[in-house]
Q: 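Mind having a look at this structure? Questions to follow.
Side chains included, hydrogens not; waters and symmetry mates left out as well; all remaining heavy atoms used. The shown structure was predicted, so the numbers you read here are calculated from the model rather than taken from an experiment.
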Amino acid sequence: MSNGAYAGDPGSHGVQPGRGKRKSRVLVFGDSTFDLDVKTAAGRLAACVQARAALIAAGLFEQGAWDRGDGMTWEPLRRASCEATDRAAEWLLGDQAEPYQVAARRVLAVAAEVSGTLRLKSPEGYAYYGLYPEQYRLAAELWSIDHDSQRCIPVRVVGVRSIGTSLSAIVAAALRSMGWNVRRETVRPTGHPFARKVEIAPGEPCLALVVDEGPGLSGSSMAAVAAALVRAGVPSERIAFLPAHCNGPGKAGSERVHQWWEETSIYCTDYEPFLRAALEKQTRHVLNETGPLEWIGWTGESSAVWNLLEPPRRLVRNPRGGVLWTFAGLVPGDDGRAGVEHAARVCAQSSGTTSPLVACAEGWIGQTWTPGQTCERGNGMPECIAALARHIIACAGPSMSRTGIESSVERLQRVLEHNAAEGLGKHAATVAAGWGDEVLPQLAGCVQSGDARLRPNLWAVLPDRRVIKRECPGLDEHTCVGLQPLAWAAAAAIVEWGWGPPVEERFLSFLRTRSHRPQGLCPSVLSFFKAAYAALRLGACVMGAEAESGAARERLARAADEFCAELQRLLRQREVGRVVHAQHPCAARADLHDAR
């Protein structure tokens, strides 16, 4: 590939400071979904023994039931699931558990009469961003105080699916407990993420509350619901937003969306005081301390990461010690375990390469804070290489199915082609085309990656030269890549640490000789995974730079240039290699044999 083969060199992706370029359309985020048999899902509702877990599980079931397009066949189950979510919300607000248990058994009975699966979408706020349903109760109370003189008017609470099922239920339950006449419903907006659309049926005159997490980069979902309510006959001055935060939408929102957010009453509350009390109690127990504690919003000391993609963290410490708390998630996955349970298991697996796990609370993982020298990119000391390799192996999951491998590679191929085209032009996407299909045969029987968050800033060298990861392993990320083979973690380490070829080969040699399933750890396969990883990080930095301003924008733009250059280098290698293999087919077959 010649230097002029691409539409642009690194920096052409539209985020270089001072250049007035179009918004990039990179691919980074994705919905975390899984299919679950309806009877299994109903059984999990009936098994819940804690109110918040019951509300999240019931809301997840309600979302799956309403998102099915089966008409009246599933209508009884939809009604039963709404009842269970409402009773779970009342339980969380202090009522007895028995009404929920009765409603959950009703769901179980109705589910026994239907066949099929539910496609469940993980509520992002509960899974990644440290959102709690309880904070919406407080927001509802604030709204009630402001509208006390309008109690004669019914209230229409509209939740935006997915997370809007449980959030609208907690708002509705709180308002009913204060004497309001409430009708609850949920909607699923459609269309482009930055320009959502929704339709709502007309109803009686009412006050209306739109309930959702966010707003995110555009804020278009809640604005679309508000516009639909106006079309349904609700005056705009009677509409209020109950979001997760009061910062307003990001830069991707249209002028009309921003107008909605500026003109609509907003009610939200900060859950931090309640969370701080819970984590401080646990920290004092761990440290056996009663004196003052310092709270730090620890970011991992990195300039190349967009904070929106980072899990919430709190470092709580005093001069004698501390605990690093990381939010690991409240949402049950396809195995029924919440994110915090999964992260705690992976943390135990990797006990020799991570800071010790000392507590779990409110969906957060607490680890002993370990003072040491934060690692830097390019550090090729043998202790770092060995620690990374041991950690990747220790965190590895079970073998992946053939379908699972194909799906994982397909997702990476989509990211690679899309972001290569955005960052380097259409020719780059052409070079990347078909790469995933070429590596698939060499991934048969590979194991899952358990932790690919391996950036140097998350690691520290201790005074005794041991190298450990400070952050909890096994965290889900709000990206579109999903579950991946072990080669994904190896590629992440190589790209993030920026080693030269000799150090990279020592790392891979250590990894291959100690892994019981080394499939996919050969150079030809790893090149694909490294390119896909660079493409994903390029996209994240581009999107972050466009969303941020000032110094943060500058740092992310520089990081985007670096990942763009790495992606360009890997694609050039691929194109040159394809030319050589086309000219010397016997050599190509020999290379494939060596790789295997």
Q: Quick one: pull up CG in L454 and OH in Y533 and give me the separation to the nearest 0.5 Å.
A: 7.0 Å
Q: Taking the side chain as everything from C-beta on, heavy atoms only, tell me whether L308 gets closer than 4.5 Å to F29.
A: yes
Q: Decide, yes or no, whether a salt bridge links D67 with R119 under the criterion of side-chain N to carboxylate O below 4.0 Å.
A: no
Q: Any side-chain heavy atom of Q367 within less than 4.5 Å of one from C472?
A: yes
Q: Assess whether side chain to side chain contact (heavy atoms under 4.5 Å, CB included) is satisfied between E504 and K530, documenting all intermediate values.
A: CA-CA 12 Å; E504 179 179 329; K530 287 191 289 185; 3.0 Å; yes
Q: Under 4.5 Å between any side-chain heavy atoms of M543 and L309, yes or no?
A: no
Q: At their closest point, which heavy atom of L567 faces which heavy atom of A420, and how far apart are they?
A: CD2-CA, 4.0 Å
Q: Mind checking whether V26 and L538 have side chains closer than 4.5 Å, heavy atoms only?
A: no
Q: Just grab all the side-chain hydrogen bond (donor to acceptor under 3.5 Å, both in side chains) pairs involving residues 103-112, residues at least two apart or on different chains.
A: none
Q: Apply the ring pair (Phe, Tyr, Trp, His ring centres under 6.0 Å) test between H478 and each candidate in Y126, Y128, W306; give the one that qualifies.
A: Y128
Q: Over all heavy atoms of both residues, which pair between T368 and S355 is shortest? Give the atoms and the distance, please.
A: O-CB, 3.3 Å
Q: Can you find a heavy atom in the side chain of L443 that is under 4.5 Å from one in the side chain of Q519?
A: no
Q: Work out which heavy atom in I365 is nearest to a heavy atom in A328; give both atom names and the distance.
A: CG1-CB, 3.9 Å
Q: Which pairs pass salt bridge (charged side-chain N to carboxylate O under 4.0 Å, His left out) with one or both residues in residues 478-500, sequence neighbours excluded?
A: E496-R537
Q: Is P473 close to C395 at the side-chain level, that is, under 4.5 Å between some pair of heavy atoms?
A: yes
Q: Can you tell which of E310, E376, E471 makes a salt bridge (charged side-chain N to carboxylate O under 4.0 Å, His left out) with R455?
A: E310
Q: With a 4.0 Å cut-off on N to O distance, would you call R345 and E341 a salt bridge?
A: no
Q: So, is the end of the R314 side chain (NZ or CZ) under 6.0 Å from the ring centre of W325 and within 45° of the ring's axis?
A: no
Q: Charged N to carboxylate O below 4.0 Å: is that the case for D464 and R466?
A: yes
Q: Regarding D451 and K469, does a basic nitrogen lie under 4.0 Å from an acidic carboxylate oxygen?
A: yes
Q: I'd like to know if R574 pairs up with E438 as an ion pair, taking the criterion as any Lys NZ or Arg NE/NH1/NH2 lying under 4.0 Å from an Asp or Glu carboxylate oxygen.
A: yes
Q: Using 30° and 60° as the class boundaries, would you call the ring planes of F327 and Y132 parallel, tilted or perpendicular?
A: perpendicular
Q: Salt-bridge test for E575 and R572: reply yes if a basic N is under 4.0 Å from a carboxylate O, no otherwise.
A: no
Q: Any side-chain heavy-atom pair from V409 and F528 closer than 4.5 angstrom?
A: yes
Q: Heavy-atom count around R512 CZ within 6.0 Å, excluding the residue itself: above 12?
A: yes
Q: More than 12 heavy atoms of other residues, nucleotides or ligands under 6.0 Å from CD of Q373: yes or no?
A: no
Q: In sequence, state the C-alpha distance, the side-chain angles, and the governing distance for E134 and I170, and then conclude on side chain to side chain contact (heavy atoms under 4.5 Å, CB included).
A: CA-CA 8 Å; E134 290 92 332; I170 200 79; over 6 Å; no
Q: Please tell me if the side chains of L412 and W488 come closer than 4.5 Å, counting only heavy atoms from C-beta onward.
A: yes
Q: Taking R188 for the side chain and Q63 for the main chain, is one N or O donor matched with an acceptor at less than 3.5 Å?
A: no
Q: Are K281 and E362 ion-paired here, with the side-chain N under 4.0 Å from a carboxylate O?
A: no
